[in-house]
*Asks:* 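One structure is given below, represented as structure tokens, and several questions about it will come after.
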Amino acid sequence: MNDTNEQAVIMVVDDIPANLERLAEILHRDGYRVVAFPRGAMALRAAAQNPPDLILLDVMMPEMDGFEVCQRLKTDQTLKEIPVIFISALDDIANRVKAFSEGGVDYISKPFHEEEVLTRVRTHLDLRRQQIKIRRQKEQIEHSYERLREMEEQRDKLVLMVIHDLRSPLTGILGYAELLTMKLENWEGCEKPAKFAADILASAQTLNALISTLLDISRMESREMPLEKAVCDLRDVVSRAVVSLGALVQEATVVCEPPAESVTAFCDPVITRRIIENLTANAIKFTGRGNPVRIELSREANTATVRVSDSGPGIPPEYHQRIFEKFGQLAVRRESGRNYSTGLGLTFCKLAVEAQGGRIGVQSGVGKGSTFWFELPVAP
């Protein structure tokens, strides 16, 4: 059936010739094409070859009654969507209920009236047209979505290829910048060039870390990131994370008072250390020089929890989930005028925690600082 106003085809099935002629006359006059059959079996064969747009079906017929005809229509994948309106002299509740339970969309009692028949036919044809229109729109949307997904995959692959290719020249920049920094630091009168070289080295290291994060995010999204999970004490993991931050820790007071008893979790210690590094570096950035950043550990029956708290500007509740999304930080920055994270670090943290069977979140309010937390399972 077309979703335009093209002439609709109505099939009429009734064993009484007078009823067939009367219904055909009514429908022809209203502009419909009509095909009429006195038996259900004949109607089914014709419908299979040329499906009509709507069927008017008598209930009481010899050989095969209307209920059985409707049953067979509804079991055929190509015919089951055709609306069936029953027409019958049986006007009791039981037959009406059975008509609808067999898949009929309406029920007209005999003797029928012309306006009633036309009104119900028009209504169900309009509904059918709308269903077809909605289905086609849905198919178009699904096709567009699939095409968009394919384009996004191609884009991501291209970006990853470019990022991967950046690794080689960047490795050379890092090596020469480190060598240049070491040489200039030992020469008198080269303090300023040594400072420039150190800045180049720091920028190259930041870029290298960003490339590593992007590649790791891609591997985690495609479930290709290798995890070497084991039962480990998170006190040791936190300690190594703080040490690895090096000079960055000197810009703030990092307070970590681990509990006396071990806080074990079943996780990848290297990946978990990187999560803590990201969260701590974020906290240091937004806390400001001299203000404390706190790292706390706790353990429940089935989970171990790490909390990293700062006294920074805080994050409005509407952004608590978005800052963990890939590129969500950019949207937050545009809307609020403030940047609440460092690049893709929080996206990496979320994927890394969830890959280990844990959860991550943030508790924060404007002017109240932020506490980023994540939970990990304590046993396989």
Side-chain angles (χ1 to χ4, degrees), residues 156 160 163-164 167 171 205-246 248-249 254 256-285 293-310 321 323-326 328-329 341-363 370-380:
D156 289 345
L160 288 172
I163 291 172
H164 193 273
R167 266 278 170 82
T171 300
Q205 289 171 337
T206 300
L207 183 57
N208 189 52
L210 179 59
I211 288 175
S212 297
T213 300
L214 280 168
L215 293 174
D216 286 343
I217 287 174
S218 175
R219 288 197 291 173
M220 284 188 175
E221 287 179 330
S222 58
R223 302 183 184 276
E224 295 176 357
M225 185 75 171
L227 294 175
E228 298 181 5
K229 293 198 278 188
V231 176
C232 56
D233 192 340
L234 290 181
R235 296 179 303 175
D236 297 334
V237 178
V238 169
S239 176
R240 291 172 185 170
V242 173
V243 171
S244 68
L245 290 171
L248 187 62
V249 177
V254 177
C256 180
E257 298 178 354
E261 296 182 356
S262 63
V263 181
T264 57
F266 185 68
C267 62
D268 185 317
V270 176
I271 296 295
T272 304
R273 189 199 72 210
R274 289 179 58 188
I275 297 170
I276 297 169
E277 289 171 1
N278 270 290
L279 296 180
T280 305
N282 247 12
I284 292 172
K285 177 179 178 180
V293 169
R294 299 187 179 277
I295 304 176
E296 299 173 291
L297 297 173
S298 62
R299 174 174 168 170
E300 301 296 332
N302 298 314
T303 58
T305 304
V306 179
R307 293 180 179 85
V308 180
S309 305
D310 64 56
Q321 292 301 319
I323 58 174
F324 290 101
E325 298 172 2
K326 187 165 62 174
Q329 300 94 328
S341 71
T342 54
L344 295 167
L346 290 179
T347 303
F348 168 80
C349 290
K350 182 175 186 295
L351 291 172
V353 169
E354 292 177 350
Q356 299 182 89
R359 298 188 308 137
I360 190 169
V362 61
Q363 296 171 328
S370 304
T371 297
F372 284 86
W373 57 268
F374 66 91
E375 297 175 349
L376 294 173
V378 298

*Asks:* Can you see which heavy atom on V362 is nearest to which on W373, and at what distance?
*Replies:* N-NE1, 3.6 Å

*Asks:* Does a side-chain heavy-atom distance below 4.5 Å link I276 with F374?
*Replies:* yes

*Asks:* A side-chain contact here means heavy atoms from C-beta on lying under 4.5 Å apart; do F324 and V353 qualify?
*Replies:* no

*Asks:* Does S239 have any side-chain contact (heavy atoms from CB on, under 4.5 Å) partners at least two apart in sequence or in another chain, and if so, which?
*Replies:* none

*Asks:* Considering only heavy atoms from C-beta outward, does the side chain of L279 approach that of L346 to under 4.5 Å?
*Replies:* yes

*Asks:* Can you give me the closest heavy-atom contact between S298 and R307, atom names plus distance?
*Replies:* OG-NH1, 3.2 Å

*Asks:* What's the spacing between D310 CG and T371 OG1 if we round to 0.5 Å?
*Replies:* 7.0 Å

*Asks:* Are more than 12 heavy atoms from other residues, nucleotides or ligands located less than 6.0 Å from atom CZ of R240?
*Replies:* no

*Asks:* Quick one: does any side-chain atom of D233 pair with a main-chain N or O of T264 as donor and acceptor, under 3.5 Å?
*Replies:* no

*Asks:* How would you list, by chain and number, every residue that makes a side-chain contact (heavy atoms from CB on, under 4.5 Å) with Q321, sequence neighbours excluded?
*Replies:* none

*Asks:* Quick check: do P258 and V238 have side-chain heavy atoms less than 4.5 Å from each other?
*Replies:* no

*Asks:* Quick check: do E300 and V378 have side-chain heavy atoms less than 4.5 Å from each other?
*Replies:* no

*Asks:* Less than 3.5 Å apart, which donor and acceptor atoms pair up between the side chains of residues 268-275 and the rest of the protein, not counting sequence neighbours?
*Replies:*
residue: D268; atom: OD1; partner: V270; partner atom: N; Å: 2.9
residue: D268; atom: OD1; partner: I271; partner atom: N; Å: 3.2
residue: D268; atom: OD2; partner: E228; partner atom: N; Å: 2.8
residue: T272; atom: OG1; partner: D268; partner atom: O; Å: 2.8
residue: T272; atom: OG1; partner: Q356; partner atom: OE1; Å: 3.4
residue: R273; atom: NE; partner: E277; partner atom: OE2; Å: 2.8
residue: R274; atom: NH1; partner: D216; partner atom: OD2; Å: 2.6
residue: R274; atom: NH2; partner: D216; partner atom: OD2; Å: 2.7

*Asks:* Looking only at heavy atoms, what is the nearest atom pair of G357 and P377, with distance?
*Replies:* O-CD, 3.8 Å

